[in-house]
Colleague: 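Below are the structure tokens for one structure; questions will follow.
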Amino acid sequence: MSDRNAYEQKLRAKLDELQAEVDKMKARAQSAEADKRIEHEKEVNQLEAKRDEMRQKLDELRNSSDDAWDDVKAGAERAWASLSESLEKARTRFK
């Protein structure tokens, strides 16, 4: 398996894990009181938007040429860092 394929699979696995956490947060948001529900749903929506951006970066990675792969990979890593930071913030707010 090439480094490129391994990297893509690693990102897909991370996205799957993230999706599971987002699903848990959605469930908690649904059971929260009205004021908290709105706040939690907003947080979940922001995470989902960043997750979608990450999926788009993953698609770009998958479809990029060998010459462009390093640049696309750098963009994917920045998107993942942003997504991870947002997830950590959401985790602390959902506690």
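The structure displayed is predicted, hence computed values, not measured ones.
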Colleague: CD/Glu60 to CG/Asp71 distance, rounded to the nearest 0.5 angstrom?
Modeller: 11.5 Å
Colleague: Could you walk me through whether Asp23 and Gln19 pass the side-chain hydrogen bond (donor to acceptor under 3.5 Å, both in side chains) check?
Modeller: CA-CA 6 Å; Asp23 290 343; Gln19 184 60 52; 2.8 Å; yes
Colleague: Quick test of your reading: applying salt bridge (Lys or Arg N to Asp or Glu O under 4.0 Å), list the pairs with at least one residue in residues 12-22, sequence neighbours left out, ordered by first then second residue.
Modeller: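 Applying salt bridge (Lys or Arg N to Asp or Glu O under 4.0 Å) to every pair that reaches into residues 12-22, excluding sequence neighbours, yields Glu8-Arg12, Glu21-Arg91.
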Colleague: Considering residues, nucleotides and ligands other than Gln46, do more than 12 of their heavy atoms fall under 6.0 Å from its CD?
Modeller: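 Yes, CD of Gln46 has more than 12 neighbouring heavy atoms, counting only those of other groups under 6.0 Å.
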Colleague: If you round to the nearest 0.5 Å, how far is NZ of Lys57 from CG of Leu11?
Modeller: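 Leu11 atom CG to Lys57 atom NZ measures 12.0 Å (nearest 0.5 Å).
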Colleague: Measuring from Leu15:CG to Trp80:CH2, what's the distance to the nearest 0.5 Å?
Modeller: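 These two atoms lie 5.0 Å from each other.
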Colleague: Pick out which of Glu41, His40, Glu39 makes a side-chain contact (heavy atoms from CB on, under 4.5 Å) with Arg37.
Modeller: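 Of all the options given, the one that passes is Glu41.
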Colleague: Using 4.0 Å as the upper bound for N to carboxylate O, is an ion pair formed by Arg62 and Asp59?
Modeller: yes
Colleague: For atom CG of Asn63, decide whether the heavy atoms of other residues, nucleotides or ligands shown that lie under 6.0 angstrom number more than 12.
Modeller: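 Correct, the count exceeds 12.
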Colleague: About how many Å separate NZ of Lys10 and CG of Leu58, when rounded to the nearest 0.5 Å?
Modeller: 12.5 Å
Colleague: What heavy-atom pair brings Val72 and Ser64 nearest, and what distance separates the two atoms?
Modeller: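 Scanning both residues completely, I find the closest heavy atoms to be CG2-CB, 3.9 Å.
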Colleague: For Lys89 and Glu85, what are the C-alpha separation, side-chain angles and deciding distance, and is it a salt bridge (charged side-chain N to carboxylate O under 4.0 Å, His left out)?
Modeller: CA-CA 6 Å; Lys89 288 179 183 177; Glu85 182 180 322; 3.3 Å; yes
Colleague: Between the main-chain N or O of Arg78 and the side-chain N or O of Ser82, is there a donor-acceptor pair closer than 3.5 Å?
Modeller: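 No, because the side chain of Ser82 does not come within donor-acceptor range (under 3.5 Å) of the backbone of Arg78.
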Colleague: Whether the side chain of Arg51 engages the backbone of Leu83 through a donor-acceptor N/O pair (distance < 3.5 Å, no angle test) should be reported.
Modeller: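 No.
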Colleague: Look up atom NZ in Lys36 and atom CD in Glu43, then write down how far apart they are to the nearest 0.5 Å.
Modeller: 11.0 Å
Colleague: Please indicate whether Glu88 has more than 12 foreign heavy atoms, meaning atoms of other residues, nucleotides or ligands, lying under 6.0 Å from its CD.
Modeller: yes
Colleague: Mind running side chain to side chain contact (heavy atoms under 4.5 Å, CB included) on Leu87 and Lys50 for me, showing each step along the way?
Modeller: CA-CA 10 Å; Leu87 180 61; Lys50 287 187 181 260; over 6 Å; no
Colleague: Between Ser84 and Ala81 (side chain of the first, backbone of the second, donor and acceptor by atom type, cut-off under 3.5 Å), is there such a pair?
Modeller: no
